[in-house]
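By convention in this document, chain letters (A, B, ...) are assigned in the order of the sequence lines, proteins followed by strands, and residues within each chain are numbered from 1. Atom set for the values below is all heavy atoms of this structure, side chains included, hydrogens, waters and symmetry mates excluded.
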2 protein chains.
Amino acid sequence: MVLARKDPVRIKDLAEHFGVSPSTVSRALSPKGRSLISADLAARIRAKAEEMGYVGDVYATGLRTGRTRTVGVIIPDIQNPIFPPIVRGIQNRMDEAGLVTLIAYSDNRIDLARREVERLLGRRVDGLIYASAFLEDPVIDFCREQGVSLVLLNRSVRGARGLYHEVLNDEAEGIRQTVAHLASLGHRRIVHFNGPVDVLQGLERREALRRYVREYGLEAEECECTAFSREEGARCARQFLSARPSATAIVAGNDLIAIGAVQVFKEAGLRVPDQVSVVGFNGMPFSEMFDPPLTTVAIPHVQLGARAAEILLGEMQGESEGPLTVKLEPVLVARRSSGPAPGGAVDDPPRATETSLKPSIPSS
Amino acid sequence: MVLARKDPVRIKDLAEHFGVSPSTVSRALSPKGRSLISADLAARIRAKAEEMGYVGDVYATGLRTGRTRTVGVIIPDIQNPIFPPIVRGIQNRMDEAGLVTLIAYSDNRIDLARREVERLLGRRVDGLIYASAFLEDPVIDFCREQGVSLVLLNRSVRGARGLYHEVLNDEAEGIRQTVAHLASLGHRRIVHFNGPVDVLQGLERREALRRYVREYGLEAEECECTAFSREEGARCARQFLSARPSATAIVAGNDLIAIGAVQVFKEAGLRVPDQVSVVGFNGMPFSEMFDPPLTTVAIPHVQLGARAAEILLGEMQGESEGPLTVKLEPVLVARRSSGPAPGGAVDDPPRATETSLKPSIPSS
DNA sequence: GTGAAAGCGCTAACAA
DNA sequence: TTGTTAGCGCTTTCAC
């Protein structure tokens with residue numbers, strides 16, 4: 001049994017047991033040192049270390065080498081439902097590699113992000129995964145100055161491409177699928193309740209929408225939300241109701257905007273999807289339980305996290321093949337908040353692409 | 001500006017600046033040592049340290065003192081929606097106290113929980129917050145053997161009271177509010193889709209239900225779910241449909257069981273709440289967006305986390321006033337999945353206790 | 001009230 | 001291939 005805390009096994013103990021010096025044991029235990037000593041002895045030391053439950057002292061090693069086998073992750077808020085799967089993806093990969101992950105919250109404020117980066121650097125993290133909220137972000141330059149390995153996750157900064165590692169969702173592809181879906185349902189005029197354009201996602205989704213609306217021969221108007229929130233979705237929905245446009249579908253900047261809009265439509269007696277279709281973005285958990293179940297673009301959050309961790313690990317080992325930009329493909333999940341355009345010709349009848357019960361996460 | 005990484009300020013630098021010895025600076029900077037040196041010098045050293053951006057080296061201190069200003073938190077899975085707010089509550093408090101929080105996942109498996117505890121102890125955490133899944137859990141004894149400060153959170157173990165610090169939701173009170181609510185709506189016969197009774201919550205909720213059903217003069221049957229999952233809720237709902245009992249309301253063991261049941265009822269054409277009321281438990285995010293919006297017992301998750309952190313901090317400072325058991329009060333949030341009993345006399349008409357839009361969490 | 005010195009456990013230069 | 005030695009930055013006796 002491991003006695004990790006009570007009386008930890010030290011290198012000295014192993015050295016005495018074998019009648020060798022601490023350095024020899026240290027070499028036997030470290031990947032690079034192992035080749036310097038006799039293979040047989042190294043193997044025996046390693047076996048005994050395992051048996052005695054040797055766990056290297058992270059603090060001694062950290063002090064001596066400056067490397068701490070610790071990484072930091074900065075996200076806006078773990079209570080935002082897109083981040084738990086991202087964090088899990090990161091930690092899965094880091095745990096595998098024997099690193100520990102520190103999680104810090106910026107609450108979407110640059111000053112807090114900066115403070116948290118400083119705290120993490122003070123903790124001597126070997127690398128950082130940063131989910132920045134804004135297109136312009138001085139905190140990223142600060143990280144660069146500090147010389148810490150850095151991967152940008154899910155949110156990016158203007159001009160970052162080629163400067164920093166980035167792991168991103170393919171926003172344009174998600175919008176393309178959305179537009180294709182609505183076009184196939186016979187919609188011809190849509191309104192985009194776009195998210196804030198000072199955030200990468202808001203900007204990219206809006207630009208992709210403009211492009212694909214053209215390519216698919218549709219027409220679009222826009223209502224700009226100042227935040228990715230239900231309140232803003234509701235505001236645009238009220239505006240939509242009072243303007244009474246001829247559009248038959250809403251493409252929301254994300255799921256929260258979508259559900260804010262749906263709620264207002266329902267309260268106003270506008271039937272979704274009979275009178276207006278609504279499509280979200282993010283594939284947030286339980287969106288299939290909403291009323292109506294929400295059609296949305298599912299982002300591979302766990303894989304985004306895992307991929308970012310992977311790249312950071314490579315970077316930390318000095319495998320510097322130049323800054324990478326990785327885009328992962330999202331998938332539109334068609335549910336019942338979108339349907340045939342009222343009175344419109346339908347090229348392709350709607351299908352149920354998702355059956356009722358899927359494996360779910362146990363809760364207390 | 002702080003240069004946390006590039007060339008950190010050390011005690012030696014401060015010592016040289018003031019022409020004193022490192023010991024003096026160390027004393028000036030530590031709360032206990034401060035009283036040993038001249039107050040004036042201490043103040044000047046502290047001011048300068050602040051100005052120069054001195055950040056003590058956690059690894060040197062950890063090595064020297066054995067205390068690491070780090071705590072570990074073990075939860076089943078951050079993707080389970082009840083845990084993000086708990087984690088946030090813990091971290092808010094720990095950050096305030098200048099401690100760092102390591103989060104590990106057990107996936108509700110005792111072997112993994114054990115492994116994670118060992119990893120955390122290997123990382124020399126000063127304390128542990130443990131959200132154990134089971135009523136019997138040897139991992140807790142292991143923690144005790146290791147002599148690490150420990151607080152049990154949200155999930156408890158049989159016989160733990162008086163042995164370990166516990167921070168719990170008041171399950172009985174939540175059930176009492178549920179039963180009172182249904183009674184006031186005229187329900188007389190209910191079915192409890194209870195959660196697994198080898199988990200504290202499942203057991204306590206069931207026992208409370210039996211008690212309050214009696215106290216309020218109702219009658220209850222039970223259908224036991226083997227997990228807190230939608231699948232199990234759906235299974236009990238199908239059983240309910242085929243048995244066609246006279247009950248008019250379902251009390252679900254948690255929200256997932258509730259939504260699994262609601263889904264089956266809807267598919268079978270049974271109207272909620274006109275023909276059957278359903279009440280959940282947990283107050284999970286976005287449950288107000290479900291169809292119908294779910295009546296549920298909201299647990300103060302953030303406060304649970306903050307309280308657990310508070311107690312752990314006290315324990316780590318040796319403020320040992322004996323093991324504490326803290327219970328926090330949940331609140332029933334009445335929404336539209338519960339309504340008057342069909343054909344029953346209503347003592348008290350249902351009210352809308354929640355209006356439509358509440359502040360929500362921004363999402364990308 | 002302050003300084004000198006030792007040492008936490010580990011690794012890496014240097015020596016043999 | 002292995003041992004010796006020094007020292008990472010800090011705290012804490014012990015001496016003055």
Side-chain angles (χ1 to χ4, degrees), chain A residues 3-46 49 52-70 98 121-124 126, chain B residues 3-46 49 52-70 98 121-124 126:
Chain A
L3 287 172
R5 191 186 185 78
K6 270 192 165 163
D7 59 330
V9 180
R10 288 146 306 158
I11 279 193
K12 200 170 69 155
D13 302 324
L14 284 162
E16 279 166 11
H17 178 271
F18 282 96
V20 296
S21 80
S23 341
T24 302
V25 176
S26 172
R27 285 191 266 253
L29 261 24
S30 92
K32 31 189 96 164
R34 201 176 344 166
S35 53
L36 301 174
I37 62 174
S38 87
D40 167 63
L41 180 59
R44 277 163 48 225
I45 292 176
R46 294 171 78 84
M52 293 172 70
Y54 172 79
V55 185
D57 186 315
V58 186
Y59 288 80
T61 310
L63 179 58
R64 178 65 234 241
T65 65
R67 276 166 296 100
T68 60
R69 304 193 66 71
T70 302
L121 293 178
R123 277 269 167 181
R124 303 266 113 85
D126 294 333
Chain B
L3 288 172
R5 191 189 184 77
K6 269 193 168 163
D7 59 332
V9 180
R10 290 147 305 161
I11 280 194
K12 198 171 68 155
D13 302 323
L14 284 162
E16 277 165 14
H17 179 271
F18 283 96
V20 297
S21 79
S23 335
T24 302
V25 176
S26 172
R27 286 191 265 254
L29 262 23
S30 91
K32 31 189 94 161
R34 203 175 347 165
S35 54
L36 301 174
I37 63 173
S38 87
D40 167 61
L41 180 59
R44 278 164 47 226
I45 292 176
R46 294 171 78 83
M52 294 174 67
Y54 172 78
V55 185
D57 185 313
V58 186
Y59 288 81
T61 310
L63 180 59
R64 179 64 234 242
T65 64
R67 274 167 297 98
T68 61
R69 303 193 67 71
T70 302
L121 292 178
R123 277 269 167 182
R124 302 266 115 85
D126 294 333

Checklist entry - Of all the nucleotides listed (D/dT2, D/dT12, C/dC8), which has the minimum atom distance to the side chain of A/Leu41? => result D/dT2

Item to check | Interatomic distance, A/Glu16 atom CD to A/Arg10 atom CZ [nearest 0.5 angstrom] | outcome: 8.0 Å

Next on the checklist: Which nucleotide wins on minimum distance to the side chain of A/Ile37, given the candidates C/dG1, D/dT2, C/dG9?
Outcome noted: D/dT2

Checklist entry - In whole angstroms, how far is the P atom of C/dC8 from the NZ atom of A/Lys12? => result 7 Å

Item to check | Between P of C/dG7 and CG of A/Asp57, the distance in whole Å | outcome: 18 Å

Item to check | Separation of atom CG in B/Leu63 from atom P in C/dC8, rounded to whole Å | outcome: 9 Å

Checklist outcome for this item: Ranking A/Ser30 and B/Thr65 by the position along DNA chain C of their nearest nucleotide, the one closer to 5' is B/Thr65

Checklist entry - Rounded to whole angstrom units, what separation is found between the CZ atom of B/Arg10 and the C1' atom of D/dC8? => result 10 Å

Checklist outcome for this item: With sequence neighbours left out, the residues meeting salt bridge (charged side-chain N to carboxylate O under 4.0 Å, His left out) with A/Arg123 are none

Checklist entry - Whole Å only: how far is the CZ atom of B/Arg34 from the C1' atom of C/dG1? => result 16 Å

Checklist entry - If you look at every strand shown and take non-hydrogen atoms under 4.0 Å, does B/Tyr54 touch a base, only sugar-phosphate, or nothing? => result sugar-phosphate

Checklist entry - Partners of A/Ser30 by side chain to side chain contact (heavy atoms under 4.5 Å, CB included), sequence neighbours excluded? => result A/Lys32

Next on the checklist: Categorize B/Ile11 for me: base, sugar-phosphate, or nothing, with a 4.0 angstrom heavy-atom threshold over every strand shown.
Outcome noted: sugar-phosphate

Checklist outcome for this item: By side chain to side chain contact (heavy atoms under 4.5 Å, CB included), B/Ser23 pairs with (sequence neighbours left out) B/Ser21, B/Arg27

Item to check | Residues forming a side chain to side chain donor-acceptor pair (under 3.5 Å) with A/Arg44, sequence neighbours excluded | outcome: A/Asp40

Item to check | Distance in angstrom units between B/Arg44 CZ and C/dG1 P, rounded | outcome: 15 Å

Next on the checklist: Within the structure provided, determine whether A/Phe18 and A/Val25 are in side-chain contact (heavy-atom separation under 4.5 Å).
Outcome noted: no

Side-chain atoms of residues 54-62 of chain A: list all donor-acceptor pairs with protein atoms under 3.5 Å, sequence neighbours left out, distances to 0.1 Å.
residue: A/Asp57; atom: OD1; partner: A/Tyr59; partner atom: N; Å: 2.6
residue: A/Asp57; atom: OD1; partner: A/Ala60; partner atom: N; Å: 3.0
residue: A/Asp57; atom: OD2; partner: B/Arg124; partner atom: NH1; Å: 3.2
residue: A/Thr61; atom: OG1; partner: A/Asp57; partner atom: O; Å: 2.9

Checklist entry - D/dT13 P sits how many Å from B/Lys32 NZ, rounded? => result 10 Å

Checklist entry - Which whole-number value in Å describes the distance from A/Leu36 CG to C/dA16 C1'? => result 15 Å

Filtered N/O pairs between nucleotides 3-6 of chain C and protein, under 3.5 Å:
residue: C/dG3; atom: OP2; partner: B/Ser21; partner atom: N; Å: 3.0
residue: C/dG3; atom: OP2; partner: B/Ser21; partner atom: OG; Å: 3.2
residue: C/dG3; atom: OP2; partner: B/Thr24; partner atom: OG1; Å: 2.3
residue: C/dG3; atom: N7; partner: B/Arg27; partner atom: NH2; Å: 2.6
residue: C/dG3; atom: O6; partner: B/Arg27; partner atom: NH1; Å: 3.2
residue: C/dG3; atom: O6; partner: B/Arg27; partner atom: NH2; Å: 3.1
residue: C/dA4; atom: N7; partner: B/Ser23; partner atom: OG; Å: 3.4
residue: C/dA4; atom: N6; partner: B/Ser23; partner atom: OG; Å: 3.1

Next on the checklist: What contact category does B/Ser26 fall into here, base, sugar-phosphate, or nothing, at under 4.0 angstrom with non-hydrogen atoms?
Outcome noted: base

